[in-house]
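Given the structure is predicted, the values throughout are model-derived calculations rather than measurements. Chain naming here is simple, since letters A, B, ... match the order of the sequence lines and numbering starts at 1 in each.
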Protein chains: 2
Amino acid sequence: MLRILMKIGKVHPALLQRLVFTRRGAARGDVVVGPAIGEDAAVVDLGGKYLVTHTDPITGSVNLLGSLAVYIPTNDVAVRGVEPMWLSVALLLPPGASEHLLDAITRQMDEAARRLGVTIVGGHTEVTTAVTRPVAVVTAMGVGNRFVSTSGAKPGDVVVMTKSAGQEAASILASDFAEEALKRGVPAEALERARGLIAEISVAKEALALADLATSMHDPTEGGVANGLAEIAYASKVSIDVRREDVVVYREVEALCRAFRIDPLETLSSGVLLATVPRGRLGEALERLQKLGVPHAVIGEVKPPSGYLVKIGDRRYNEPYVEDKLFALF
Amino acid sequence: MLRILMKIGKVHPALLQRLVFTRRGAARGDVVVGPAIGEDAAVVDLGGKYLVTHTDPITGSVNLLGSLAVYIPTNDVAVRGVEPMWLSVALLLPPGASEHLLDAITRQMDEAARRLGVTIVGGHTEVTTAVTRPVAVVTAMGVGNRFVSTSGAKPGDVVVMTKSAGQEAASILASDFAEEALKRGVPAEALERARGLIAEISVAKEALALADLATSMHDPTEGGVANGLAEIAYASKVSIDVRREDVVVYREVEALCRAFRIDPLETLSSGVLLATVPRGRLGEALERLQKLGVPHAVIGEVKPPSGYLVKIGDRRYNEPYVEDKLFALF
């Protein structure tokens, strides 16, 4: 049956499974982690060392494109516990794009990459009628001696998160829907604080700090913390129980999400690290996050598989696909 | 001064130099070849082994998108003399795209990757209003013990090419402008043959065959053989003299290019390998291409720098940017 892919955003996992993940070209024995639900980055065995790569398209922002193009894909390498080192960048500009736009994008990329210690090693810049607004597609790469996968969570592990659920969505709402937010009663100073959250979008430092003791790491994007946890549970073949009241939601995020009737646990949350940690090493993990000065919380624990992927309070998520309501606003 | 980037296609080298190549984030000592005019792929030193990567966006085709998305970026790794091994793929689909379209694209990608022995290790598939037609952005990667750069051509080297100048442009003209071509007097069987040229778009086998004896390799795309040679000359700080009559142009390519008033030496030529070879190893190089059954020709030679980059017959090219007239047709 031929269907139309109407929904804007990630393609449904069932379709991905059928038309994408099964069509991977030649089989190579060196591919340790390939395309799979919830696996953020691919891992290739170089003979004792591991090459970790991830490609992400940034299609949803103009003003922050350059920064996001660096932070989003490097997050995916970092949650594999491997330092992001190199970026390859394709920049697609719509006809009529100005030098000023290119200037702003590459300036942001340069700054973000310096901040992370990452080098842009190559790419391609093109003006094309194929895009309606600037699009950056970035592959981040790094090499390490070992790696953490999404699929390693074990029953008994404890779930740790950093920063605030929904923080990415809130920063977008505060930037692109500011007027509407004010109309809906969100205080101006909450908007101001929410806009600032975009600076907290990298998880590289906290992910690398936990790399040697986490059993699984993931950075929730679309579908938020709920979807991120569901992906960990799906990949690890476990269930995860979360106490809703322990999930951190900053006040400005809460205010914006309430105004737009979006569950902060089910919407864009780049900048949040989700990690599962063996109970015996929890103290160590928390101490390291403390030292980094990254806000964090213990929000739940990993259980044997129980017929659902994630339970948050009394809400159950049974598949690794949580629809992100933010997209309905565009 | 702020200018509008009006031209569709590659951004002018002067602008790339100013706004892109200088903004590369942190400096890392392991980057051996970074972004530069004519350098198709980046090279990173992994400690004795070299990681070669290249990212290419495929924005100009719908029917052949899946195949091009594999062949074009793997060419760029192969001309570094390193076997393409892994691909990371971002697929952007416009709203309303059908399952059928996704099916056709991933089927082609699977087939092309199998043919090259390459594995698709990861990626991202997304439906987005940012694109007007399907776009694939692919990073190809490979690891080798040594590499060939574009910048290694030496005075005295001989220039070898494979297949036909303008073959990619001809296959596009024959597919997308068939009716107009017939009207302009191109015979139907020439169109048929030109459409078939798309099957010859990979240079992987010939590039790998010459890897240990070429001083420089390159695959001309936009701006064709003239631009490809100008990029070699620019990167290598040499001049290149070519005998125009020795540059192979298949009859069907000649016919199509004449009908649309495009110089076949100045238009899309994926599938052509340009290689410079020390004169003493030319016999060996030709023998290997002969054995592979890849059509080839010796077209000129590398000279000390002489105030121009490339001379083809009595035409001189002084900068590594040849405008591709095919784009004016879209």
Is chain A contacted by the side chain of [X], its backbone, both, or neither, given a heavy-atom distance below 4.5 Å?
{"X": "Leu51(B)", "value": "side chain"}
{"X": "Val33(B)", "value": "backbone"}
{"X": "Val131(B)", "value": "both"}
{"X": "Thr119(B)", "value": "both"}

First locate atom [atom1] of [X], then atom [atom2] of [Y], and finally report the distance between them rounded to the nearest 0.5 Å.
{"X": "Thr125(A)", "Y": "Phe21(B)", "atom1": "OG1", "atom2": "CZ", "value": "7.0 Å"}
{"X": "His54(A)", "Y": "Thr139(B)", "atom1": "NE2", "atom2": "OG1", "value": "10.5 Å"}
{"X": "Leu16(A)", "Y": "Leu102(B)", "atom1": "CG", "atom2": "CG", "value": "8.0 Å"}

*Arg23(B) side chain near Met109(A) side chain, heavy-atom distance below 4.5 Å*: no
If you count heavy-atom pairs within less than 4.5 Å of chain B, which of [options] leads?
{"options": "Leu91(A), Val31(A), Leu87(A), Val143(A)", "answer": "Val31(A)"}
{"options": "Asp30(A), Val70(A), Asp40(A)", "answer": "Asp30(A)"}
{"options": "Lys49(A), Met141(A), Glu39(A)", "answer": "Met141(A)"}

What option among [options] has the most heavy-atom pairs under 4.5 Å with chain A?
{"options": "Gly123(B), Ala113(B), Pro35(B)", "value": "Pro35(B)"}
{"options": "Thr128(B), Asp110(B), Val118(B)", "value": "Asp110(B)"}
{"options": "Gly34(B), Ser88(B), Ala112(B), Gly122(B)", "value": "Ser88(B)"}
{"options": "Val44(B), Val20(B), Ile105(B)", "value": "Val44(B)"}

Can you check whether [Y]'s main-chain N or O pairs, donor with acceptor, with [X]'s side chain at less than 3.5 Å?
{"X": "Thr59(B)", "Y": "Ala130(A)", "result": "no"}
{"X": "Thr132(A)", "Y": "Thr129(B)", "result": "yes"}
{"X": "Arg115(A)", "Y": "Ala26(B)", "result": "no"}

_For Leu19(A) against Glu99(B), the heavy-atom pair lying closest together_ = CD1-O, 3.8 Å
*If you measure from the Lys or Arg side-chain nitrogens to the Asp or Glu carboxylate oxygens, is any gap between Arg24(B) and Glu111(A) under 4.0 Å?*
no
*Around Tyr234(A), counting heavy atoms of other residues, nucleotides and ligands shown, do more than 12 lie under 6.0 Å from its OH?*
no
*Given that the side chain runs from C-beta out, which part of Ala90(A) has a heavy atom under 4.5 Å from chain B: side chain, backbone, both or neither?*
both
*Quick one: do His124(B) and Thr55(A) satisfy side-chain contact (heavy atoms from CB on, under 4.5 Å)? Show the steps, please.*
CA-CA 7 Å; His124(B) 187 102; Thr55(A) 299; 5.8 Å; no
